[in-house]
Amino acid sequence: MITSFILRALEGRIVAAVAILLAVAVLVPASNLLLSPDSALHIPTYAMALMGKYLCYALLALALDLVWGYCGILSLGHGAFFALGGYAMGMYLMRQIGSRGVYGDPVLPDFMVFLNWKELPWFWHGFDMFWFAMLMVLVVPGLLAFIFGWFAFRSRVNGVYLSIITQAMTYALMLAFFRNDMGFGGNNGLTDYKDILGFSVQADGTRAVLFALSAIMLSLCLVLASAITRSKFGKVLVGVRDAESRVRFLGFRVENIKLFTFVVSAMMAGIAGALFVPQVGIINPGEFAPANSIEVVVWTAVGGRGTLIGPIIGAVLVNGGKSFFTGAFPEFWLYALGALFICVTLFMPKGIVGTVQGVLANRRAARAAAKAEAGQNDDRATRQIQAAE
């Protein structure tokens with residue numbers, strides 16, 4: 001059953017995308033570790049870390065596409081799930097510092113010593129164990145999504161009202177995490193990491209492994225999302241997006257369908273945040289900012305929502321452009337981002353991938369029509385010849 005579920009996901013474009021991601025997972029770290037810095041093919045560590053960040057953003061965009069592109073839920077709060085996954089990883093990394101911190105306390109992180117905390121808060125216990133931290137990467141965003149979705153979907157909150165509520169959720173979390181008494185580092189967040197599983201976070205080898213894990217996890221989540229959307233459940237999911245009242249009339253529990261998809265999407269966003277933090281080196285309340293969640297919507301729209309591969313392409317292209325513009329023309333970046341979103345909305349409403357798919361479909365239809373017309377002409381000519389004889 002599970003095998004058929006996975007095999008159903010492996011259609012042509014998904015297989016090609018996974019193959020590319022796995023190739024990137026091998027070739028980029030190999031270029032960084034095995035080739036001389038003087039080689040033209042050598043990829044510097046900073047560039048590899050930057051590309052790893054793009055892959056984490058791509059995973060976040062894929063998570064949003066699952067609920068927006070296929071279920072019709074425009075979430076403006078997915079940055080919250082991303083940040084919660086990042087904080088879970090950051091708490092593990094902070095516990096690994098031990099007595100090597102500025103204040104030398106073997107248990108309390110430096111910010112707690114600075115704020116005169118006397119003991120470790122209860123919710124920090126267990127984060128010295130990697131397996132527990134990874135479990136929390138999934139559980140915390142998933143639990144928040146479950147509680148939020150349970151009330152929102154059963155109250156039949158839809159459309160722009162749901163989008164506003166998700167944005168309010170992430171904004172409330174941002175304000176809460178800015179407080180020093182929350183125990184998450186306040187404005188400064190969590191940083192100054194040393195080790196992960198006993199390996200230095202700053203080492204080239206560790207960064208190469210983190211990059212490879214980002215690409216592999218993105219490919220696995222892509223297969224999972226494809227399997228969900230191409231299953232019978234996925235067909236119902238699209239029905240909820242296009243005609244929710246009809247699906248409800250047919251006897252389906254629409255709120256349960258939405259809730260399951262929302263929770264899966266939140267967990268995927270949490271994984272993206274967990275992979276993001278050790279590569280960037282910091283997590284702070286700024287990741288909860290509503291503007292970050294809106295940017296994810298832009299990436300998904302640019303690439304093409306409802307395509308799975310489109311949001312990945314959109315996230316990489318937009319963030320690559322952001323890196324270029326913020327370096328070359330920092331004062332124009334926000335204008336460029338706004339203009340990009342407006343142009344895509346007006347001229348490419350289906351995004352890059354959706355537009356390309358539409359063009360190819362039109363060409364196939366035109367060729368099929370031409371063949372059918374040619375066949376009809378041949379039949380007509382044959383009948384005329386027979387009549388003349």
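Note that this is a predicted model, so its numbers are computed, not measured.
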Counting distance only, does the side-chain N/O of Arg100 pair as donor-acceptor with the main-chain N or O of Gln96 below 3.5 Å? yes
Nearest heavy atoms of Leu190 and Gly90, plus distance in Å: CD1-C, 3.7 Å
Derivation and outcome, side-chain contact (heavy atoms from CB on, under 4.5 Å), residues Lys235 and Arg230: CA-CA 7 Å; Lys235 292 180 174 60; Arg230 290 176 62 83; over 6 Å; no
Less than 3.5 Å apart, any donor N or O on the side chain of Thr307 or Gln357 sitting next to an acceptor on the other? no
Which pairs with one or both residues in residues 67-81 pass side chain to side chain donor-acceptor pair (under 3.5 Å), sequence neighbours excluded? Ser75-His78, His78-Ser265
For a quick check under 3.5 Å, do Arg154 and Asn256 share a side-chain donor-acceptor pair by atom type? yes
To the nearest 0.5 Å, what is the distance between CG on Leu50 and CD1 on Ile43? 11.5 Å
Any side-chain heavy atom of Phe347 sitting closer than 4.5 Å to one from Thr355? no
Asn284 side chain to Asn187 main-chain N or O, any donor-acceptor pair under 3.5 Å? no
Test item: Thr206 side-chain N/O and Ser200 main-chain N/O as donor-acceptor pair under 3.5 Å: yes
Applying side chain to side chain contact (heavy atoms under 4.5 Å, CB included) to Leu360 and not counting sequence neighbours gives Val356, Arg364
If I take atom CE from residue Met267 and atom CG from residue Leu144, how far apart are they, to the nearest 0.5 angstrom? 11.5 Å
Sub-3.5 Å donor-acceptor pair from the side chain of Thr300 to the main-chain atoms of Leu62, do we have one? no
Could you pull out every donor-acceptor pair under 3.5 Å between side chains of residues 103-120 and any protein atom, sequence neighbours left out?
unit_1 : atom_1 : unit_2 : atom_2 : d
Asp105 : OD1    : Val107 : N      : 2.8
Asp105 : OD1    : Leu108 : N      : 2.8
Asp110 : OD1    : Val102 : N      : 3.2
Asp110 : OD1    : Tyr103 : N      : 3.2
Asp110 : OD2    : Val102 : N      : 2.8

Interatomic spacing from CZ in Phe233 to CZ in Phe252 - rounded to 0.5 Å: 10.5 Å
With Phe127, which residues qualify under ring pair (Phe, Tyr, Trp, His ring centres under 6.0 Å), at least two apart? Phe132
List in chain and number order the residues that pass ring pair (Phe, Tyr, Trp, His ring centres under 6.0 Å) with Phe153, two or more places apart in sequence or in another chain; answer none if no residue qualifies. Phe262
Under the rule for salt bridge (Lys or Arg N to Asp or Glu O under 4.0 Å), what residues qualify as partners of Arg246, not counting sequence neighbours? none
Could you work out, with side chain to side chain donor-acceptor pair (under 3.5 Å) as the rule, every residue matching Tyr171, not counting sequence neighbours? none
Parallel, tilted or perpendicular for Phe177 and Phe184, by the 30°/60° rule? parallel
Within the side chain of Arg241, is there an N or O that forms a donor-acceptor pair under 3.5 Å with the backbone of Gly69? yes
Using the rule that Ile, Leu, Val, Met, Phe, Trp and Tyr join whenever any side-chain heavy atoms are under 4.5 Å apart, tell me whether Ile216 and Leu27 fall into a single cluster. no
Is Leu33 reachable from Leu22 through a run of hydrophobic residues whose side-chain heavy atoms are each under 4.5 Å from the next? no
With no hydrogens and no angle check, is any side-chain donor or acceptor of Ser163 less than 3.5 Å from a backbone partner on Leu76? no
Do Glu287 and Phe276 make a side-chain contact, defined as non-hydrogen atoms from C-beta onward lying under 4.5 Å apart? yes
In short, Pro349 meets Leu346 closest at the heavy-atom pair CD-O, 4.4 Å
Any donor-acceptor pair under 3.5 Å linking the side chain of Asn292 with the backbone of Gly286? yes
Are Ile313 and Ile20 joined in one hydrophobic group, where the rule is that I, L, V, M, F, W and Y side chains link up if heavy atoms are under 4.5 Å apart? yes
Does Val160 form a side-chain contact (heavy atoms from CB on, under 4.5 Å) with Leu74? I'd like the steps, not just the answer. CA-CA 8 Å; Val160 65; Leu74 177 55; over 6 Å; no
Answer yes or no: is there a side-chain heavy-atom contact under 4.5 Å between Val201 and Gln279? no
Measure the CD1-OG1 distance between Ile73 and Thr166 for me, rounded to the nearest 0.5 Å. 10.0 Å
Under a single-linkage definition using a 4.5 Å side-chain heavy-atom cutoff for Ile, Leu, Val, Met, Phe, Trp and Tyr, are Phe123 and Val137 assigned to the same hydrophobic cluster? yes
Ignoring hydrogens and angles, tell me if any N or O in the side chain of Ser39 forms a donor-acceptor pair with the backbone of Leu41 under 3.5 Å. yes
So, do Trp299 and Asn319 sit near enough that their side-chain heavy atoms are less than 4.5 Å apart? yes
Can you name the nearest heavy-atom pair linking Ile14 to Ser226, along with the distance? CG1-OG, 3.5 Å
OG of Ser293 to CZ of Phe81, rounded to nearest 0.5 Å, is 9.0 Å
Tell me whether Leu275 shares a hydrophobic cluster with Leu138, the cluster being built from Ile, Leu, Val, Met, Phe, Trp, Tyr side chains joined at under 4.5 Å. yes
Among residues at least two apart in sequence or on other chains, which ones pass ring pair (Phe, Tyr, Trp, His ring centres under 6.0 Å) with Tyr92? Phe130
Minimum-distance pair of heavy atoms, taken over all atoms of Thr229 and Leu308: OG1-CD1, 3.8 Å
Just to verify, what does Tyr161 make a ring pair (Phe, Tyr, Trp, His ring centres under 6.0 Å) with, not counting sequence neighbours? none
Using 0.5 Å steps for rounding, measure from the CD1 atom of Ile352 to the CD1 atom of Ile309. 13.0 Å
Taking Gly358's backbone N and O only, do any of them form a donor-acceptor pair with Asn362's side chain (distance below 3.5 Å, no angle check)? yes
Any donor-acceptor pair under 3.5 Å linking the side chain of Asp65 with the backbone of Ala61? no
Taking the side chain as every heavy atom from C-beta outward, state whether Ile196 and Leu93 have any atom pair closer than 4.5 Å. yes
What pairs meet the ring pair (Phe, Tyr, Trp, His ring centres under 6.0 Å) rule with one or both residues in residues 23-48, with sequence neighbours excluded? none
Hey, are the side chains of Leu250 and Val236 touching, using non-hydrogen atoms and a 4.5 Å cut-off? no
Show the numbers, then the answer: is there a salt bridge (Lys or Arg N to Asp or Glu O under 4.0 Å) between Glu255 and Arg156? CA-CA 8 Å; Glu255 57 273 15; Arg156 300 193 181 183; 5.6 Å; no
Identify the heavy atoms of Ala272 and Leu60 that sit nearest to each other, and give their distance. CB-N, 4.0 Å
If you take all heavy atoms of Ala152 and Leu162, which pair is closest and at what distance? CB-CD1, 3.9 Å
Do the non-hydrogen side-chain atoms of Lys258 and Val67 ever get within less than 4.5 Å of each other? no
Pairs satisfying side chain to side chain donor-acceptor pair (under 3.5 Å), at least one member in residues 52-63, at least two apart: Tyr54-Ser323
Partner residues of Thr45 under the side chain to side chain donor-acceptor pair (under 3.5 Å) criterion, sequence neighbours left out: Asn32, Asp204
Met136 side chain near Met89 side chain, heavy-atom distance below 4.5 Å: no
